[in-house]
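All remarks here apply to the structure that follows.
Keep in mind that this is a model prediction, so the values were computed, not measured.
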Amino acid sequence: MKLICIGRNYTEHIEELQNEKPTDPVVFLKPDTAILLKKQPFFIPDFSDDVHYEVEVLVKINRVGKHIDKKFAHKYFNEIGLGIDFTARDLQSKLKAKGLPWEKAKAFDGAAVVGKWIDKNELTDIDNIEFLLKKNDNIVQNGNTSHMLWKIDELIEYVSKYFTLKIGDIIFTGTPAGVGKVVANDKLKGFIEDKEMFSITVK
């Protein structure tokens, strides 16, 4: 099982990090060891002083596929979730400055929160999903999948050109604006519409 992550998929987030708007989806991977174990806190790693939360809508792949056409992409997932792509921003900045891969800043142990899953049929429109992240009961990120540069079906088509999608693979679809630093004792809760999808504590 692999985690396929999409960067720079919301214009306002691109602008807040002063990144260049991409012409194609930015893709990177996390190993399954990056998944934060259920009911475990997130421990800030000792190699970073600036770990950021990034809340993202998740898609769980339910069949094997390669070179999937966008019009058939909806057949490859039944469930939508919510999670966090934790990023060691200070380490990422150093790696980017040297033109090196991001994995040490994005794929370390515990860097991927995978919350609950809901049947996509419970949602009126997967291209119009409201989601948000609360830190210590204050809303810090508030997004809608309608603002994605590349929608879910387009991401599945694009990613499957390069990687065979397998049952259980998870696509992290990108984060909206509002990312920020976590510190010890922060409490993070994620919601899709009015459903709480995860709740974690930072240590």
Side-chain angles (χ1 to χ4, degrees), residues 1-7 9-10 12-13 29-44 51-62 73-74 76-87 106-148 150-153 155-156 159 165 167-183 185-203:
M1 184 260 271
K2 55 189 175 290
L3 310 180
I4 302 163
C5 304
I6 307 300
N9 201 21
Y10 288 82
E12 290 181 359
H13 175 58
L29 302 180
K30 294 183 187 241
D32 57 4
T33 49
I35 296 176
L36 185 66
L37 298 176
K38 299 294 184 189
K39 299 183 179 179
Q40 292 295 310
F42 170 74
F43 289 94
I44 297 172
V51 173
H52 284 203
Y53 55 78
E54 298 185 12
V55 72
E56 310 199 9
V57 169
L58 312 182
V59 178
K60 187 193 288 185
I61 300 300
N62 67 354
H74 67 279
Y76 287 80
F77 68 99
N78 290 325
E79 294 177 293
I80 296 288
L82 197 70
I84 294 178
D85 165 21
F86 278 118
T87 304
K106 287 275 195 179
F108 56 88
D109 290 354
V113 173
V114 177
K116 299 173 186 174
W117 296 97
I118 55 177
D119 190 303
K120 68 180 182 182
N121 294 318
E122 293 181 29
L123 300 164
T124 305
D125 181 1
I126 63 165
D127 292 330
N128 188 22
I129 300 171
E130 289 276 356
F131 62 101
L132 61 85
L133 179 70
K134 290 183 178 180
K135 184 175 81 164
N136 305 325
D137 291 327
N138 296 312
I139 296 173
V140 289
Q141 285 188 277
N142 194 343
N144 189 298
T145 55
S146 65
H147 298 150
M148 287 180 173
W150 292 278
K151 303 297 192 288
I152 289 172
D153 288 352
L155 292 175
I156 290 173
V159 166
L165 295 178
I167 296 170
D169 285 352
I170 298 171
I171 299 176
F172 280 63
T173 61
T175 194
V179 302
K181 183 176 179 177
V182 294
V183 297
N185 299 315
D186 278 344
K187 290 187 170 28
L188 303 174
K189 292 184 179 182
F191 296 82
I192 286 181
E193 296 171 358
D194 59 348
K195 296 183 176 67
E196 183 178 307
M197 304 300 287
F198 63 77
S199 177
I200 62 169
T201 302
V202 178
K203 298 289 188 181

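- The side-chain heavy atoms of Lys187 and Ile200, taken from C-beta on, include no pair separated by under 4.5 Å.
- Contact check for Glu196 versus Lys189: side-chain heavy atoms found under the 4.5 Å cut-off.
- Ile4 has its side chain out of reach of Phe172: every pair of non-hydrogen atoms, C-beta onward, lies at least 4.5 Å apart.
- Judged by distance alone, the side chain of Thr173 and the main-chain N or O of Val57 form a donor-acceptor pair under 3.5 Å.
- Counting only heavy atoms from C-beta outward, the side chains of Thr201 and Phe42 never approach each other to under 4.5 Å.
- Using a 4.5 Å cut-off on side-chain heavy atoms (C-beta onward), Thr175 and Asn9 make no contact.
- The two residues Leu36 and Gln40 have their closest heavy-atom pair at CD2-O, 3.6 Å.
- Environment of NZ in Lys151: crowded, with over 12 heavy atoms of neighbouring residues, nucleotides or ligands closer than 6.0 Å.
- A side-chain donor-acceptor contact under 3.5 Å links Thr145 to the backbone of Asn128.
- Residue pairs meeting the side-chain hydrogen bond (donor to acceptor under 3.5 Å, both in side chains) criterion with at least one member in residues 113-122, sequence neighbours excluded, are Asp119-Asn121.
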Might you work through the salt bridge (charged side-chain N to carboxylate O under 4.0 Å, His left out) test for Asp85 and Lys30, ending with a clear yes or no? CA-CA 10 Å; Asp85 165 21; Lys30 294 183 187 241; 2.7 Å; yes

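- A cation-pi contact links Lys134 to Phe191, judged by a cut-off of 6.0 Å to the six-membered ring centre and 45° from its axis.
- Around atom CG of Asp125, more than 12 heavy atoms belonging to other residues, nucleotides or ligands sit under 6.0 Å away.
- Residues Lys135 and Lys181 fail the side-chain proximity criterion, which asks for heavy atoms closer than 4.5 Å.
- Across every non-hydrogen atom of Leu133 and Ile84, the tightest pair is CD1-CD1, 4.2 Å.
- Scanning both residues, Val182 and Ile44, for their nearest heavy atoms gives O-CD1, 3.8 Å.
- Between the side chain of Tyr53 and the backbone N or O of Thr87 there is no donor-acceptor pair closer than 3.5 Å.
- In this structure the side chain of Ile152 never reaches within 4.5 angstrom of the side chain of Tyr76, judged on heavy atoms.
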